[in-house]
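Have a look at the structure below before the remarks.
The analysis underlying the following values was restricted to heavy atoms, covering all of them including side chains, and did not include hydrogens, waters or symmetry mates. Owing to the predicted nature of the structure, the values given are computational and were not obtained by experimental measurement.
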Amino acid sequence: MLKLSGLSARYGAIEALRGVDMEVHDGEIVTLIGANGAGKTTLLMTICGQPKAFAGSIVFKGEEISKLSTDEIVRRGVALAPEGRRIFARMTVYENLQLGALPTGDKYFTEDIERICALFPRLKERLNQRGGTLSGGEQQMLAIARALMSRPKLLLLDEPSLGLAPIIVKQIFNTLAEINKRDGVTIFLVEQNAQMALRLAHRGYVLMNGRIMLAGSGAELLANPEVRAAYLEGEVGR
């Protein structure tokens, strides 16, 4: 579904991504782990067109998308739930979901609202509540739900567990597994909670200083001594 070849991205003179090669296959959950500053968020944002790729290619469902605008990429079936949620705090939950549905229009709106309310019962109870009054976990649910309203073929998630209590993180990861298995949504997940991410994922990559250093199945990376030493110490039991 998604293939990155020799992908590089820059912020001015700073090279944030350095020849990244990776693939996400249809129906998979793929996770990307790495330390702060490794380039994980930049990778997701480059797929979405901000920043533009400096070199290399991004092929989505057989089409080169690296030169397309962000809205064109979204309309082709890519959606991002960004780091920090970035919901519209003064708008209601319902209004946030309406914005998420703009790429598909009104055709599926009622059906999709019902689907979102089934996935996230808490949001159903808060449809008329302003986004800024929600708890952190509820805001993360809303960020994911808003992305799903565009009916994406590929859902990009940036640190969905950030700042949340373990019980809420577990709920969100269970929902992601359901979205993937039941609805067939392909998921590319950037996550610092490496233990949970690799348990969820079919495959994973390790990014260091803008380069892919390791790749394998979730189980293989969980068992890798280098990965365990660098990313899993202190996470046992999460």
Run the ring-centre check on F60 versus F188 and record whether the distance is less than 6.0 Å.
no

Say you draw a straight line from CD1 of I172 to CE of M196; how long is it, rounded to the nearest 0.5 Å?
9.5 Å

Donor-acceptor pair between S66 and E64 side chains, under 3.5 angstrom
yes

Near R130 CZ, under 6.0 Å, is it more than 12 heavy atoms from other residues, nucleotides or ligands?
no

Donor-acceptor pair, distance only, cut-off 3.5 Å: does the side chain of E114 make one with the backbone of E111?
no

Is a side-chain donor-acceptor pair under 3.5 Å present for Q129 with T92?
no

For E72, look at atom CD and say whether over 12 heavy atoms of other residues, nucleotides or ligands are found less than 6.0 Å away.
yes

What distance separates S161 OG from Q140 CD, expressed to the nearest 0.5 Å?
8.5 Å

Would the distance check show the side chain of R199 and the main-chain N or O of G218 forming a donor-acceptor pair, the cut-off being under 3.5 Å?
no

Shortest non-hydrogen contact from A9 toward P51:
CB-CG, 4.4 Å

Does the side chain of E178 pick up a donor-acceptor pair with the side chain of T175 at under 3.5 Å?
no

Tell me which one of I212, N209, T46, L4 satisfies side chain to side chain contact (heavy atoms under 4.5 Å, CB included) with L17.
T46

Where do K153 and T186 land on the side-chain contact (heavy atoms from CB on, under 4.5 Å) test, with the steps shown first?
CA-CA 6 Å; K153 298 176 178 66; T186 304; over 6 Å; no

One pair to check against side-chain contact (heavy atoms from CB on, under 4.5 Å): V185 and N180. What are the steps and the verdict?
CA-CA 5 Å; V185 177; N180 173 254; 5.8 Å; no

Kindly write out the residues that satisfy salt bridge (Lys or Arg N to Asp or Glu O under 4.0 Å) with R115, not counting sequence neighbours, or none if the list is empty.
D112, D183

ILVMFWY network linking L134 to I113, side-chain heavy atoms under 4.5 angstrom:
yes

So, the side chain of D26 versus the backbone of M1: is there a donor-acceptor pair under 3.5 Å, distance only?
no

Check: Q171 and M141 side chains under 4.5 Å, non-hydrogen atoms
yes

Mark yes when over 12 heavy atoms from residues, nucleotides or ligands other than K52 sit less than 6.0 Å from its NZ; otherwise mark no.
yes

Interatomic distance, CZ@R146 vs CG@L142, rounded to 0.5 Å, equals 6.5 Å

Does E83 pair with K40 as a salt bridge, N-O distance under 4.0 Å?
no

Residues, nucleotides or ligands: over 12 heavy atoms within 6.0 Å of Y108 OH:
no

Does any non-hydrogen side-chain atom of E226 lie less than 4.5 Å from one of V206?
no

Please lay out, stage by stage, how K61 and R76 fare under the test side-chain contact (heavy atoms from CB on, under 4.5 Å).
CA-CA 9 Å; K61 295 185 72 66; R76 279 161 173 75; over 6 Å; no

Can you hop from V93 to F120 via hydrophobic side chains spaced under 4.5 Å?
yes

Indicate the atoms forming the closest heavy-atom contact of P160 with V190, along with that distance.
CD-O, 3.6 Å

Could you see if I73 belongs to whatever hydrophobic cluster contains L80? Use Ile, Leu, Val, Met, Phe, Trp, Tyr and a side-chain cutoff under 4.5 Å.
yes

Measure from the side-chain N and O atoms of S150 to the backbone N and O of P103, and report whether any donor-acceptor pair falls under 3.5 Å.
no

Using the rule that two of Ile, Leu, Val, Met, Phe, Trp, Tyr join whenever any of their side-chain heavy atoms come within less than 4.5 Å, decide whether L43 and L154 are in one cluster.
yes

Considering only heavy atoms from C-beta outward, does the side chain of L221 approach that of L214 to under 4.5 Å?
yes

Locate the shortest heavy-atom distance separating G132 from I87; write the atom from each residue and the value.
N-CD1, 4.4 Å

Using a distance-only test with no angle check, is there a side-chain donor-acceptor pair under 3.5 angstrom linking Y11 and T42?
yes

Let me check something: do Y205 and L176 share a hydrophobic cluster, defined by ILVMFWY side-chain heavy atoms less than 4.5 Å apart, either directly or through other members?
no

Which value, rounded to the nearest 0.5 Å, describes the distance between N96 atom CG and Q139 atom CD?
9.5 Å

Can you tell me if M22 has over 12 outside heavy atoms packed within less than 6.0 Å of its CE?
yes

Who clusters with L99? Use side-chain heavy atoms, under 4.5 angstrom, across I, L, V, M, F, W and Y, and order the result by chain and number.
F88, M91, L102

Using the test side chain to side chain donor-acceptor pair (under 3.5 Å), find all partners of E28 that sit at least two apart in sequence or belong to another chain.
R203

Main chain of S217, side chain of E220: is a donor-acceptor contact present, judged purely on distance under 3.5 Å?
yes

Please report the closest heavy-atom contact between A101 and F109, naming both atoms and the distance.
CB-CD1, 3.8 Å

Nearest atoms (heavy-atom pairs only) where A81 meets L157:
CB-CD2, 3.6 Å

For the backbone of L162 and the side chain of Q192, can you confirm whether one donor and one acceptor N or O come within less than 3.5 Å of each other?
no

Looking at every heavy atom in both E15 and S8, which two are closest together, and how far apart are they?
OE2-OG, 3.8 Å

Candidate pair L189 and L200, rule side-chain contact (heavy atoms from CB on, under 4.5 Å), full reasoning:
CA-CA 10 Å; L189 168 68; L200 178 70; 4.1 Å; yes

Is it true that atom CZ of R90 has more than 12 heavy atoms of other residues, nucleotides or ligands lying nearer than 6.0 Å?
no

Going by heavy atoms in the side chains, are R211 and V20 under 4.5 Å from each other?
no

Between D158 and T41, do the side chains contain an N or O donor and an N or O acceptor separated by less than 3.5 Å?
yes

